Amino acid sequence: MTDRPLIPPRRTRFIDMMNLGMALGRKVGLAEQPVLEKEVLLDKARAFTGLSDFGDPWFEQPLDVLLDAIRSEARLNEAGEWTAMKQVVKILADRLWAEQWFERHPEILARPLPHPVIVVGPMRSGTTRMHRLLAADHRFTHMRSFETISPVPRPGFVHGGPDFRVTLAARIARIARLANPRTLTIHPTGPMEAEEELGLLVNSFWSTKHDAMWWVPSYARWCEAQDPTPAYVQMARLLKLVGWSQQASSLRPWVLKTPQHMFDLPVLLKLFPDARLIFTHRDPLAVVGSAASLAWNQTIIYSDHADAQAIGAEWLRKTRLQIERMRAAREDIPAERQIDVHYEDMDRDWRGTMARVYRFLGLDLAPALPAMEAYQQRAAALKRRPHQYSLEEFGLSPGQVLDQLGDYVRTFGITIEGRAAAAR
């Protein structure tokens, strides 16, 4: 939280200049006019790859809803329209290439995914820190940032050879830093940094990533009412492809995390019935404020009409729903397969807290500590500036948040962070 003026930050001039350039380019016929229609985008992906098998056609349902919401609600600027078109075509190309890899190498889908460790918590509750500390342990397999951006190797990929996906991830990071450097302050990363499997769900046009970057509330509500099983089946298939491309041992358990799992725990556990779950908890005043700030800082890149109060209300609603679904799902999970970790405990004594987590996992922490220490030093270097935000800049008050999430605080014994500052 912060005492700075309660005005949400603006985007950088880079996007304003990019919008102006694209508008002029379209006017004189030098820039492509983005088309956000499903059949056009499918044809673009087919033409780009020379392939036609997208796999399970279920993905077309969320894609239809997402495109309709983008056209009717998102109010994208020129850069936003171009980016949306390019992102959709890239995801569709990844689907085409994935099916080609599965056909050529049937051994990929035969890889087991034994007893993964899955970090589950609301967005901004410390899931990234827990995930990256675990990923530092060589006894686990993890995804890297370039793999969640591009989970599918390009044709011609050879184990141990150069991988264009790393280059692409670096380019995207440079553009993101120009567009809004605050997004990398909020979630520091790099092409080789451990990262969540969100991109594997995005491959089916399924995840909160979309409504964290575009104002598409109808898409969010549609997803919340659907059975996401096909998206999670595709996630597991792609996880096997990533492991194969890494040449990782199929005997090592994966360490996974994405806040999307808060919505979808029953389906996740059907696919991974032997998973061990680490639930992270944090003061909801901080969770909601930080989540709204992350969504705001991404939405203002792509739209000139972002509404801070609407974003605040939406992320309070989504956080409440995440927590409600998580609590309901936990009733069916055996106690010995789940553990709770509080954000403030990690802040106060991360080594002691990780020792408790490792006792739960049945592992010795000592071999992993040097790599975890190295990660903590690297994280401090990446996050040079603290993430500053307030509830008030998004039209919310501590009382509003605690009215909806106070029972969560009481049930799990969550410490309120800086209550006096938040009340101010």
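Because the structure is a prediction, the values reported are computed rather than measured. For the numbers below, each heavy atom of this structure counts, side chains included, while hydrogens, waters and symmetry mates do not.
Considering only heavy atoms from C-beta on, Met123 stays 4.5 Å or farther from Thr319 through its side chain.
Within the cation-pi definition used here (under 6.0 Å to the ring centroid, within 45° of the axis), Arg124 does not qualify as a partner of Tyr389.
Looking at Glu417, its side chain never comes within 3.5 Å of a backbone N or O of Ala286 through a donor-acceptor pair. The closest donor-acceptor contact from the side chain of Asn77 to the backbone of Ile300 lies at 3.5 Å or more, if one exists at all. Panel note: side chain Arg276, backbone His115; a donor-acceptor pair is recorded below 3.5 Å. Put simply, the side chain of Glu99 never gets that close to the backbone of Ser52: no donor and acceptor are under 3.5 Å apart. Checking side-chain atoms of Asp68 against main-chain N and O of Asp64 turns up no donor-acceptor pair under 3.5 Å. Proximity of a side-chain donor or acceptor of Arg95 to a complementary backbone N or O of Gly55 within less than 3.5 Å is not detected. The backbone N or O of Ser145 sits nowhere less than 3.5 Å from a side-chain atom of Glu193 that would complete a donor-acceptor pair.
In this model, no donor atom of one side chain and acceptor atom of the other lie less than 3.5 Å apart for Ser290 and Arg282. Side chains of Gln246 and Thr141: a donor-acceptor N/O pair is absent below 3.5 angstrom, by distance only.
The six-membered or imidazole ring of Tyr232 lies near that of His261, with a centre-to-centre distance under 6.0 Å.
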Practice item. Could you go through the side-chain hydrogen bond (donor to acceptor under 3.5 Å, both in side chains) check for Thr258 and Lys209 one step at a time? Key: CA-CA 10 Å; Thr258 178; Lys209 175 183 186 294; over 6 Å; no
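For Phe412, the ring pair (Phe, Tyr, Trp, His ring centres under 6.0 Å) test picks out His281, Tyr408, with sequence neighbours left out. His105 pairs by the ring pair (Phe, Tyr, Trp, His ring centres under 6.0 Å) definition with Trp101, Trp244, not counting sequence neighbours.
Looking at Glu224 and Arg325, no side-chain N of the basic residue comes within less than 4.0 Å of a carboxylate O on the acidic one, giving no salt bridge.
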